[in-house]
Amino acid sequence: MEIAGIGILSWITFLPVVGMVVVLMLPKEKKDWLRWTALVVAALQVVLGAFLFMRFDRSLAGINTESGMQFLEKFSWIDVRSVSWFGRLHIEYFLGIDGISVVMVLLTALISFIAVISSWNIEKSLKGYFALFLLLDTGMMGVFVSLDFFLFYVFWEVMLLPMYFLIGVWGGPRREYAAIKFFLYTLLGSVLMLLAMIALYFSVNVYIDPAGGLHSLAEAARGMGQGWEKIYTFNMLAMMDPGNFVPGSLLAGVDTSMRYLAYGALFIAFAIKVPIFPFHTWLPDAHVEAPTPISVILAGVLLKMGTYGLLRISFPIFPDAMRHFAWELALLGVISMVYGALVAMAQTDFKKLIAYSSVSHMGIVVLGMSSMNTQGLTGAVFQMFNHGTITAMLFLIVGVIYDRAHTRGLNEFGGLMNQMPRYAGAMTVAFFAALGLPGLSGFISEMFSLLGAFQTFQTLTIIGAVTIVLTAGYMLWVLQRVFLGPLPEKWKDLTDMNGRETFMLATLGIIVIFFGIYPAPILNLMNSSLNTLAALLQHGAPAAMTSGM
Amino acid sequence: MAQDTLLTVALAVLLLPLAAFTVMIFAGKRLPRQGDWLSTSAIAAALILAGTVLYGKLTLYHADTLALNFTWIDFHDVPGLGPLRIVLGIALDNLTAIMLVVVTLISTLVHLFSIGYMGGDIRYSRYFAYLGLFSFSMLVIVLANNLFLLYVGWELVGICSYLLIGHWYEKKSASNAAIKAFVVNRVGDFGFFVGIAILFMTFHTFSLSEIFDGIRGGHLPFGSDWWLTVSGVLLFCGAVGKSAQFPLHVWLPDAMEGPTPVSALIHAATMVAAGVYLVARLFPIMTADALLVIAYIGAITAFIAATIAIAQNDIKKVLAYSTISQLGYMIMALGAGAYTAGFFHLVTHAMFKAGLFLGSGSVIHAMHNALHHADDHETDPQDIRNMGGLRAKMPVTFWTFVVFTLAISGVPLTSGFLSKDEILAGTLAFGSLTGHVIIPLTGFLVAGLTAFYMFRLVILTFLGEHKDANRITHVHESGLVMTLPLLVLAALSVFIFYSVDPSGFTPGWIARAVERPESTVPLRLAAPSAGVFEEVLGHVHLTAMLLSLSVAGLGMLAAFATYYWKKISADAVARALAPVHAFLLNKWYFDELYQAVVVNGVLGLAALLRWVDTWIVDGAVNGAGRVTRGVAFVSGKFDTYVVDGLVNFSAYLSGFFGLVLRKFQTGRVQTYVLFAVLGVMVFYFIFRLV
Amino acid sequence: MGSLGSFWNEFSAWLPHVQLAHFLIVSAILFALGIYAIATRRNAIMVLMGVELVLNAANINFIAFSRYSTDMNFDGQVAAIFVIILAAAEAAIGLAIVLNIYHRFQTVNVDEVSSLKE
Amino acid sequence: MQLFDVVFYVFALITILSGCVVVFSKNIIYAAFSLLFTFFGVAALYVLLHADFLAVTQILIYVGGILVLLLFGVMLTNNVISVEMKTGTIQAIPALIIVAIVAGTLAGLSYSTWKGVAVPAPGGPQTTTGTLGQMLMTSYVIPFEIASVVLLVALIGAAMTARRHRNS
Amino acid sequence: MSDHLLNDLSLFAPETAITLTLVAAILADLIFRRTPLVVAALVLAGFVVTGLLLLGQTGVNASIFTGMIAVDSFAVFFKTIVVLAGILVVVFSMESGELNSPGRKLGEYYALLCAAALGMMLMAGASNLLMMYIAIELSSLSSYLLSGYTREAPDSSEASLKYLIYGAVSSGLMLYGISLMYGLSGSLDLRAINRALPQVLSGGGAASFTLLIAGVLALAGFGYKISAVPFHFWTPDVYEGAPITITAFLSVASKAGGFAMMIRFFKVTFIDAGAVALPAGTWATLQGFHWVDLVAILAVLSMTIGNLVAVWQNNLKRLLAYSSIAHAGYMLTGVVVLSNQGLAAIMVYFGVYLFMNLGAFYCVMLIADKTGSEDIDEYKGIGGRSPFLAVALAVFLVSLTGLPPTAGFIGKLYLFAALINSGWTWLAIVAALNSVIALYYYVRVFRNMFLRTEEPSSPGITLSWLQNAALVVLLVPTLLLGLYFTPLVQLAQASVRLFGTP
């Protein structure tokens, strides 16, 4: 699948970089040119995303097999052939997607597109803004398409700095604090990930043939070709094969304390991103201070990177540790759910409330994932998508009102329902979706997450399900405080949404409703992948892992 | 008519209101007359189709269950389970067919009534749109053959209820009531959901018939009898919420903040009956213990609500509590095993209670106009103490109201007599079978109470003298669009539509169409079978009828004695029993209790956690932070000091150490030299020890 | 106590007969004195004197080891020569810098030359 | 105790005591002059260790070069006429403790490690000069050359600093 | 004999070249008094020639001048770092406002720079304790003079004096340590000491304690050169007081020499030649002296204290000084690892550190030349006024933090990899957490540059073409090596060979 000799995944990932270069070359004054460049790039990404969606083979599973991955691109990137004592360092530029990542790629393309539109009224140093924005876009996309851990890590980190600046320069009054908090938190997580990655690297051996193809040890045992060489690897898929672990290496074996430690390090890295209680406190600050489009990106895509990381890396590579800590994981998910909901309830700042609701909603994802069965995983991945669209809507909604009223105090509003009917319509869809109303996409994912989790952890799920009451409580309460009741005198002049705002919210709203009624198109994408993943998690290591050591 | 045709028509019944909703929500305002005709005709068409379906079903496929399924989500080959599909679909049995007609009928009448009642409302088209959505959602519940769709419809009717209760959201009380309704319902749904989760986990399907088959095959949740009962009770929780059963009944009276036709449709006839319908649907999986719980919950609800109704003065509140009480009746009936009677009462109650609400709506409408005319904004148009003597001014309303009242009180020749009588007989039979005599006792007591408070309502509203002669002159009978529905409902409150035999001894067509389904639970857990139950029922039927007639008569007599003939002074009684009266007037203090315990508890917890989040989780720094910064409290700028993070904490710590360490950098090189030498010696001694 | 006593007996027997360790101990004391001078004297020139003491101490070590090594190896002595040369160079540069400081600050008190800190 | 031992103790005492004066004296002139004795004492120890060339070098370079340099420094930076010749000490107490530990440790270690080494290496040339010269030209030629660079640097540096004084 | 000597001399060509440059610089200074640029150009050419001569030594593995100096790939690598740093610093110096004030001649400056470079190159190659001492002294003496070079600034003189005193003590301590080593082993040659040590250590307790204190004293000398805690105290003061060019040179070249020497000292002296059956590329240390733990503690202290104190600095030079202490700590972790992998990691780190650290100092210099201040508060709004310079500085700082896709990440990656692969997980965790702390103070600079509003009146900083070119030269490897680091890694892996080790 190539366009002009370059694979489609590379296109979708690096288009923003191209856009960034264009933006940097444009003169500062041509603000509309800058905006349109970004928009065109984002739109092209959506087009490519649509293309991926159509051409994606629903029957391939992916997860831990290369043959199951699609749109593969694989080139040798770094290849240091040298001394015996280090071995050959071979890092691949390895892109590919399966059912989990394709959903995230679509989400990223979509949310980026929306966020560009929502950036239209940003005036301050527009050039820098879009340059950073597009770099961020590449980072996010890259995380979801890379299958090489090293590459994954690079993309993961590439996204940090633009985010820091986007919050720090274009944010609210306490932007510096929020930005540095975000940066430090995330970096703390990622250095731990780095260590785990290195530990994995030195634990996994594969054979490389002269053409650069990798072969698992099992394959090599069946019949080694000429000039095959044993190397360590960053290849995630190789890491998922327990047979590739070097006996006696750091992470070899099953249920060893080192494996738990590495899993824990990865977990913290991802948990900070999700964020899972108690690593969540950067989120409210970052959200509150970030400008609207960045909040949208943050909630819509960035948080997903955490859960995606768990699904893509932690679970398949450490199924044993995952199983061992599944209950704890579920517990944290439940705490996030209930805690996030309760704290949200006590907020008076609109944006902060939504930020905490994100904690709660992402908790559902975590709970669903911890279930280790298809229903729960499906719910979780679908919830990732839905939370992306729904929370993006919610933040856009806050942005709309903030642009007009310059305040986000929940208690300062009221009665906007009549004043801004279109706005009210969008808001109704978003809020009802957030509280899990059937017919809207959030419901299905929450339902399956909980149903799946219930199979594995009855008591925890029951506790977690309390949030369906709490969420209804605070969401409707917000609705009441902002939209119902009499309209305060000072807001008599608020205008309804303009065409641009309506377009964004309508697009997302339609998606939310469509997938709420008929989720099959998106569930079909991930189904076989998640079945495979569930099987991997349930049955864990194939015989090679237990007997080979 | 072929099966497929029948199902297609049923599907059309389902989709017509949805189509109306879609058009109305987007284009309603731009249509002529804001599209009320569109909604009304859509639902009327649905009614006709529903009638066809009912006829076709009863005549052609009396004993069959027709189903239409489609695969909604295909999980393919799920590890550990094999192929898993989420199959959704609709099923058409007699119960469904009847419900279809009931729902569309009431809905059509309410639409009609609303044209008059809601005329001139600022959100007129929106109102009709929501009615359409509600009808659709309710039909989803009715038609669903699986728990998933049931739950979907369940939530959707909840949200419609929310939207419609909050229709006049400028009033804080209205939006509060809307939130309360939804959230309280969600509490019930929580149990419902867990119940579904248990069943799904056990059977990996949402389909009711498959679940029944599974249980019949001896496959129990967690392999335990107890869990079967629990899942039944949990599913029943949904009904507790939706049908406003004790202890979640508190939302329904508040829901009267919505427009009266909405109360009639949603909060009297259909949605609240969905709980009853749910229990009926799930009857086969209920164990004897679960049924007992259900019966008791129903009885308690019926009793509490009836007592409260006596002391209420708001016309709609009285009706609301009456609804709760009657719903308790139905639930109790189902719990007792009087399946058919319970369902039958659902149908008849739908007619006369909708009628009562619409009648009250007519009264309120008239009162409202009169007060408006008199430029009186103080007087409550819904307070029955401000009414009286409306009979002459509103004859149609009055006479239909009387019919409805007779029906609810169970006076012979009305539909209510038929259904209520059967319920009481059923409870009596249950009492004699199981020894739980409190159930029938409550049943009879509540029957008496019902007659009493309903007649109290009629007398205070329509009979006697009006309080304000000036005002009464401005009271007028409502227009045809409002009275017509009343007349229709009044007609439908007569026995003849349900059974040719007014005595109730020969079962009517509904009773024949709807038979108690076989229980699927293992025999050791099941309630006495239908056959056994019927037999006992036959023995006690006459007794029950006589008893019910006498208590109803007593109730009526008491009402007349107190409020019409004034032989007994209501005030004196109230004074004599002041604590009881206050207790009843304040609805057993449920709201206060919930406010104090649940609402404040949750909000308090939320506030506490917010505090914890900013202080402990996010602000572990502050213990230390305060020491250094001194007087965070005094400064009043609490937040600036408070909102720091764990990151700040570690940053603080590292900063602190940095601060201390940099003090070593004195600028005096000789000190550095000394440190270096000291360093050497320290290293030496440390490693010497190691 | 016994071990301390036996140590003392051994030590007092060892003390009068000059051997390698005697030189080393003198060197150690000289070394310590040098360090003390560097660390405490305020006058920069005194500090430089301390440095010379330290270097001398090391030289005593080198030469003593050279003398007492089994093969009379001269490496130590050569090292000492180089140390002396370097000490001279260091002293020259040190003095130049100190003079520079004196011109700049009008003092040679090291502790007064401490504007760079923290 | 033989003569060797007595001589050793005499010079060792001279070295250490004059060293003490250098370190503890309040007057910089006293200190500078007692440094002279220290250097002499060390030179004498070298003689005892059969390092005659080094003893001479010590006297020539240290006494003739370094000490004179230091004295010039003293003169240049102190007004000799004024009585302000005294220089105080700082942080004496902590330094004393640390330095005592250093001395104790080093002396103790030297004693315990080398207390058994009693016999000097046998023979060897009577004078060391020739051997040293040969070594400097063979195995130590590179250090020797580098040392010359060091001296060149010292020269440049001193000149640079000195010229700067003139400029300013 | 003379053949031998000639051969040795040919292998000594780079050092000879730099020595000749030194002499030439002095002469040129006397001849071309009016045109100081000539000296600069001459020295630059000298450094370049030295560099080219170094290239010719690729693959050599020899010991010259009777074991005084080793010419091996390891030494060549570090010499190259020194020479590259020298070239860049000469380029920096050519347009430094601080140095090129009217009426100042830079002849001695360049000559001393050559001398310092010579000393550092010798440090990299020295395989004899005496040679090491002389090399240290040569580089130190030149550095004392260089850091006191600017006459107007009293800070500069003060820095010079402090450096001198601290340096004298450190080298004195080291010398005493060397003398004890000599006493224990009877030799100054590292390999001879290595051969003698097992017998010494077998003798029992006292000798091993003496070896311990000798090692610790020697470590004081190394620690001072690489500014490791607790021998780091001079670093901030000297870095702040010295001319920025010299600070930059010290922070890279001096460290490079120090590390090379330290590694050679520990690896050659304490290698257990008798150990068998070790995996390729790893080696064992002699029992009886736990220098590995010692260095590990030194590493932890250096990075932690360096980072923590850096948080509080307001002067950017001083901040970078503490950051360089912390970086020394990171690199020390590589010494802890007893394998070629650790050495390679240090070298990779150095290859990267050269560019990023010099780059950071260069940016600071360019800004200070304009604003006259190194205070972080003065950096407000620079991002708006001089975007290229600010972005360049940001890239260097990001790289120092160790975030991808910059080269600094590769350095960290290799160090962590070496640590984890050899089981030093806790050390890796400490190092990783430290890089989070480091972010905190680097970000302060970003914040002032980009987040704080600029004062509209302040003019932008215009750079000459040479300065722009120099920035680009530093910027390109900093970014490129982050994405494609094969050459650097190959070079490092090829350079782990130390003469006299298996």
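In what follows, chains are A, B, ... by sequence order, proteins preceding strands, each numbered from 1.
Summarising the geometry, atom OG1 belonging to E:T425 is positioned 8.5 Å from atom CG belonging to A:L195; distances are rounded to the nearest 0.5 Å. Within the model, atoms CD1 of E:I429 and CG of A:L261 stand 5.5 Å from one another, a figure rounded to the nearest 0.5 Å. Between atom CD of residue A:E157 and atom OG1 of residue E:T406 there is a gap of 9.5 Å, rounded to the nearest 0.5 Å.
Smallest separation of non-hydrogen atoms from E:P405 and A:V158: CD-CG2, 3.8 Å.
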| side-chain contact (heavy atoms from CB on, under 4.5 Å) between E:T486 and A:D79: does it pass, once the steps are laid out? | CA-CA 6 Å; E:T486 313; A:D79 191 8; 5.7 Å; no
| message | Pair E:L451, A:F165 - check side-chain contact (heavy atoms from CB on, under 4.5 Å), show working. | response | CA-CA 8 Å; E:L451 269 54; A:F165 283 117; 3.9 Å; yes
| field | Candidate pair E:Q493 and A:V80, rule side-chain contact (heavy atoms from CB on, under 4.5 Å), full reasoning | value | CA-CA 9 Å; E:Q493 292 186 346; A:V80 187; 3.7 Å; yes
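Neither the backbone nor the side chain of E:A394 comes within less than 4.5 Å of any heavy atom in chain A. Interface residue E:I410: only side-chain heavy atoms are found under 4.5 Å from chain A. Within the 4.5 angstrom heavy-atom criterion, atoms from both the backbone and the side chain of A:L187 approach chain E. In this structure, chain A has a heavy atom under 4.5 Å from the side chain of E:F409, while its backbone stays farther away. Residue A:L188 touches chain E through both its backbone and its side chain, counting heavy-atom pairs closer than 4.5 Å. If you measure heavy-atom distances from A:Y153 to chain E, the contacts under 4.5 Å come from both the backbone and the side chain.
In this structure, A:W77 contributes its side chain and E:Y484 its backbone to no donor-acceptor pair below 3.5 Å.
In summary, of the residues considered (E:N421, E:L419, E:L413), a side-chain contact (heavy atoms from CB on, under 4.5 Å) with A:I198 occurs for E:L413 alone.
Contact of the E:L439 side chain with the A:L184 side chain is registered, since non-hydrogen atoms from C-beta on lie closer than 4.5 Å.
Of the listed residues A:I78, A:V191, A:L250, the one with more heavy-atom pairs under 4.5 angstrom with chain E than any other is A:I78. Among A:F202, A:W170, A:W156, the residue with the largest count of heavy-atom pairs under 4.5 Å with chain E is A:F202.
Aromatic ring centres of E:Y440 and A:F183 lie farther apart than the 6.0 Å criterion allows. Side-chain rings of E:F416 and A:Y201 stay apart, their centers remaining 6.0 Å or farther from each other.
For A:K28, the NZ atom sits in a loose shell: 12 or fewer heavy atoms of surrounding residues, nucleotides or ligands are nearer than 6.0 Å.
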